[in-house]
Student: 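Encoded as C-alpha cells, here's the structure I'll be asking about.
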Amino acid sequence: MLVDTDLLLSFGGTSHNFNTNDTIFFENETPKYYYQIISGNVKLNYTDEDGRELIQSLLTDGESVCELLLFVDEKYPMNAVAISECTVIRLAKEEFLKMLKDHPKASSNVQKYISKTLYQKFIMMQNISSPSAEKRIRGTLQYFKSFSDNKAAYTYEVKLTRKQFACITSLRTETVIRYLKKLEKEEIVKIEKGKVFY
DNA sequence: ACATTAAGTGGTG
DNA sequence: CACCACTTAATGT
C-alpha cells in the first residue's frame with residue numbers, strides 16, 4: 001500500500017466498491033479526493049477526437065489513482081474506470097493534504113510514488129512514440145515485464161486483452177494480434193490458449 | 001441456449 | 001498500418 005490503510009481511515013477515508021466498467025471519476029471533473037486501490041484494477045483513459053479510446057495508465061492493488069492532481073489546481077485530463085471489481089479507499093483532498101503534513105513518512109512515500117510513476121511514464125512515452133509498431137509492442141511488453149521479479153523468458157503473463165493492448169500502444173487490435181503472432185513465431189513471446197507470455 | 005466480447009483471418013487502400 | 005467484413009473461440013446470464 002502506498003499509504004497505510006489505517007492511516008487513511010483515521011483521517012476520514014471511506015471504502016468504496018466498484019464493478020467492472022464503473023467510473024471512479026470523469027475527465028474534466030475537479031479533483032476532490034485521494035483514491036487508493038485496496039484491490040482490483042483501474043485504467044486511466046480518454047477518448048480522442050476520432051472517438052478512439054486511449055489508455056494512459058493501468059493501476060492495481062496498493063496504488064493511488066491520479067493523486068498528483070491534488071497538488072495542482074487543474075481538472076482531471078482523463079477518466080478513471082474500474083476494469084475489474086475494485087475496492088477503493090477515498091479520502092477528501094483537504095484531509096489528505098493534512099495527513100501528509102502530519103505524517104512525513106506518508107508524504108515521502110507519495111512523493112516517491114509520483115516520481116516513480118512519472119519516470120515510468122517517460123519510458124512508456126519513448127516506447128509508444130516509436131514509428132515502428134513492432135517496437136511499440138515490444139517496448140510495451142518489456143515495460144510490463146520490468147515490474148515482474150522473474151526475468152526469465154515467458155514468465156510474464158500479459159493480463160490485458162488485445163484490445164486494451166491496442167489502446168495503450170495506439171494501434172488497432174488487428175495489428176496487435178498480428179504482431180503478437182509474429183513475435184510468437186520468432187519465439188520472442190509464447191501464446192497458450194490466448195494468453196501471452198513474455 | 002442465446003447474447004456478447006475476445007481472438008483471429010483476409011483483403012483493400 | 002488502418003479499416004472493414006466476417007469467422008471462431010471464449011464468457012457471461
Side-chain angles (χ1 to χ4, degrees), chain A residues 15-29 35 37-63 65-66 76-90 117 120-198:
Chain A
S15 181
H16 300 263
N17 294 315
F18 294 91
N19 292 316
T20 305
N21 290 327
D22 282 353
T23 299
I24 296 172
F25 59 68
F26 286 93
E27 177 178 355
N28 246 304
E29 279 182 3
Y35 298 93
I37 303 169
I38 300 303
S39 65
N41 296 288
V42 173
K43 69 180 174 185
L44 299 182
N45 73 345
Y46 71 96
T47 305
D48 72 10
E49 314 74 47
D50 302 323
R52 191 165 305 162
E53 176 189 13
L54 276 128
I55 296 178
Q56 293 190 319
S57 188
L58 293 165
L59 305 167
T60 185
D61 300 15
E63 298 191 284
V65 185
C66 216
Y76 284 121
M78 77 300 252
N79 316 292
V81 181
I83 54 176
S84 73
E85 288 210 340
C86 291
T87 300
V88 174
I89 297 235
R90 193 183 78 177
T117 52
Q120 291 165 356
K121 211 87 200 87
F122 282 130
I123 303 289
M124 267 311 276
M125 237 182 276
Q126 292 172 3
N127 288 334
I128 293 172
S129 58
S130 165
S132 153
E134 182 167 343
K135 283 182 184 172
R136 293 224 286 271
I137 290 173
R138 293 183 65 164
T140 303
L141 286 171
Q142 185 58 52
Y143 169 80
F144 285 139
K145 187 177 174 115
S146 72
F147 300 106
S148 165
D149 293 327
N150 197 336
K151 303 302 177 197
Y154 313 131
T155 54
Y156 174 74
E157 179 191 344
V158 179
K159 309 259 184 187
L160 303 174
T161 64
R162 310 291 192 269
K163 184 181 177 186
Q164 289 173 323
F165 203 96
C167 288
I168 289 174
T169 51
S170 290
L171 295 168
R172 306 302 281 119
T173 93
E174 298 95 315
T175 302
V176 169
I177 288 171
R178 283 165 178 143
Y179 272 100
L180 284 177
K181 288 242 151 193
K182 177 170 178 276
L183 293 178
E184 181 186 25
K185 278 200 182 72
E186 297 170 356
E187 298 186 324
I188 288 162
V189 89
K190 200 166 65 179
I191 300 177
E192 282 175 4
K193 203 180 61 127
K195 302 285 185 186
V196 179
F197 295 88
Y198 176 64

Student: Counting only heavy atoms not in A/Gln120, do more than 12 fall under 6.0 Å of its CD?
Tutor: yes
Student: What does A/Thr169 touch in the nucleic acid at a heavy-atom separation under 4.0 angstrom: a base, only the sugar-phosphate, or nothing?
Tutor: nothing
Student: Tell me what A/Thr20 touches on the nucleic acid: a base, only sugar-phosphate, or nothing, going by heavy atoms under 4.0 Å.
Tutor: nothing
Student: How would you label the contact of A/Arg52 with the nucleic acid (heavy atoms, under 4.0 Å): base, sugar-phosphate, or nothing?
Tutor: sugar-phosphate
Student: Identify, with sequence neighbours excluded, every residue that meets side chain to side chain donor-acceptor pair (under 3.5 Å) alongside A/Asn79.
Tutor: A/Asn45
Student: Looking across every strand, which nucleic acid part, if any, lies under 4.0 Å from A/Tyr179 by heavy atom: base, sugar-phosphate, or nothing?
Tutor: sugar-phosphate
Student: Return the set of residues passing salt bridge (Lys or Arg N to Asp or Glu O under 4.0 Å) with A/Glu27 (not counting sequence neighbours), or none when no residue passes.
Tutor: none
Student: With a 4.0 Å cut-off on heavy atoms, is A/Glu134 in touch with a base, just the backbone sugar-phosphate, or nothing at all?
Tutor: sugar-phosphate
Student: If you count heavy atoms of other groups shown closer than 6.0 angstrom to CZ of A/Phe147, is the number above 12?
Tutor: yes
Student: Tell me, for nucleotides 5-13 of chain B in 5' to 3' order, what letter each nucleotide earns: B for a base near a protein heavy atom under 4.0 Å, S for only sugar-phosphate near one, - for neither?
Tutor: --SBBBB--
Student: Kindly write out the residues that satisfy salt bridge (Lys or Arg N to Asp or Glu O under 4.0 Å) with A/Arg90, not counting sequence neighbours, or none if the list is empty.
Tutor: none
Student: Mark yes when over 12 heavy atoms from residues, nucleotides or ligands other than A/Lys145 sit less than 6.0 Å from its NZ; otherwise mark no.
Tutor: yes
Student: Generate the contact string for nucleotides 6-13 of chain C. Rules: B means base contact, S means sugar-phosphate contact only, - means no protein heavy atom under 4.0 Å.
Tutor: --------
Student: Would you give me the side-chain donor-acceptor pairs under 3.5 Å for residues 178-198 of chain A, sequence neighbours excluded?
Tutor:
{"residue": "A/Lys182", "atom": "NZ", "partner": "A/Glu134", "partner atom": "OE1", "Å": "2.7"}
{"residue": "A/Lys182", "atom": "NZ", "partner": "A/Glu186", "partner atom": "OE2", "Å": "3.2"}
{"residue": "A/Tyr198", "atom": "OH", "partner": "A/Gln142", "partner atom": "OE1", "Å": "2.9"}

Student: Over 60° means perpendicular and under 30° means parallel, so classify the ring planes of A/Tyr156 and A/Phe144, tilted if in between.
Tutor: parallel
